[in-house]
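Below, each value reflects all heavy atoms present in this structure, side chains not excepted, and no hydrogens, waters or symmetry copies. Values in this document were obtained by computation on a predicted structure and should not be read as measured data. Along the sequence shown, residues carry numbers from 1. First listed ligand is number 1; within each ligand, the first listed atom is number 1.
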Amino acid sequence: GVSSLVRVTPSMLKFMNGRKDKETGKMKDVWSVYQGKVYNISPYLPYHPGGEGELRRAAGKDGTKLFMEVHPWVNWENMLGECMVGIFVSEEQPPT
Ligand code: HEM
């Protein structure tokens with residue numbers, strides 16, 4: 001259920017975004033929010049038909065608006081299932 005998902009705040013998103021990749025040691029992690037869900041889209045970057053740069057415009061942010069402006073028909077939930085990290089929550093959350 002939803003309660004077992006990692007809860008990611010805006011500051012956590014910014015912190016995780018741009019961290020070094022564990023295997024290569026290169027700066028590459030890109031974390032973005034799409035429709036309230038948080039994704040580490042790093043593995044998908046080389047495969048994006050619109051290019052890596054476009055994806056990076058949504059790095060550390062909510063990319064929903066950009067996404068919907070360009071290709072609302074794309075089913076990102078199917079494509080990014082493996083990359084999902086958790087759900088996006090506001091900064092101050094009472095303990096549950
Ligand atoms: C194209 C996936 C985020 C910009 C595409 C296409 C897919 C895709 C499947 C091909 C669509 C088609 O030909 O009908 C994704 C996924 C995203 C994402 C899974 C989220 C992780 C974004 C964002 C932007 C963007 C945030 C803009 C800032 C573009 C552009 C194209 C494109 C400009 C057109 C490329 C072309 O036809 O030359 N994307 N996209 N995408 N995407 Fe994304």
What is the nearest protein non-hydrogen atom to [atom], stated with its residue, atom name and distance?
| atom | answer |
| --- | --- |
| atom 6 (C) of ligand 1 | Pro49 CG, 3.3 Å |
| atom 30 (C) of ligand 1 | Val70 CG1, 3.4 Å |
| atom 33 (C) of ligand 1 | Glu54 OE1, 3.5 Å |
| atom 17 (C) of ligand 1 | Phe67 CE1, 3.4 Å |
| atom 31 (C) of ligand 1 | Gly50 CA, 3.6 Å |
| atom 21 (C) of ligand 1 | Leu80 CD1, 3.3 Å |
| atom 11 (C) of ligand 1 | Val74 CG2, 3.9 Å |

If we ignore angles and hydrogens, is there a donor and acceptor under 3.5 Å between the side chains of Thr9 and Glu91?
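Yes, a side-chain donor-acceptor pair sits under 3.5 Å.
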
Between [atom1] of [X] and [atom2] of [Y], what distance do you get to the nearest 0.5 Å?
| X | Y | atom1 | atom2 | result |
| --- | --- | --- | --- | --- |
| His71 | Leu66 | NE2 | CG | 9.5 Å |
| Arg56 | Ser32 | CZ | OG | 10.0 Å |
| Asn75 | Glu77 | CG | CD | 6.5 Å |
| Ser42 | Glu52 | OG | CD | 9.0 Å |

task = Taking atom 36 (C) of ligand 1 as the reference point, report whether a protein heavy atom occurs under 4.0 Å from it.
result =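 No; the ligand atom in question lacks any protein heavy-atom contact below 4.0 Å.
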
Checklist entry - Does atom 13 (O) of ligand 1 have any protein heavy atom closer than 4.0 Å? => result no

Region of [X] engaging ligand 1 - heavy atom pairs below 4.0 Å:
| X | value |
| --- | --- |
| Tyr34 | side chain |
| His71 | side chain |
| His48 | side chain |

Leu55 heavy atoms within 4.0 Å reach ligand 1 at atoms 3 (C), 17 (C), 18 (C), 20 (C), 21 (C), 22 (C)

Under 4.0 Å from one or more heavy atoms of Tyr44, ligand 1 contributes atoms 2 (C), 8 (C), 15 (C), 16 (C), 19 (C)

Check whether [X] reaches the backbone of [Y] with its side chain - one donor and one acceptor, N or O, closer than 3.5 Å.
| X | Y | result |
| --- | --- | --- |
| His48 | Tyr44 | no |
| Thr64 | Gln35 | yes |
| Asn40 | Cys83 | no |

Which class fits the ring pair Tyr34 and Tyr39: parallel under 30°, tilted 30 to 60°, perpendicular over 60°? tilted

Please report whether ligand 1 has a polar contact with Trp73, defined as an N or O pair separated by less than 3.5 Å (distance criterion only).
yes

* **Atom CD of Glu82: over 12 foreign heavy atoms under 6.0 Å** =>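 Incorrect, the count does not exceed 12.
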
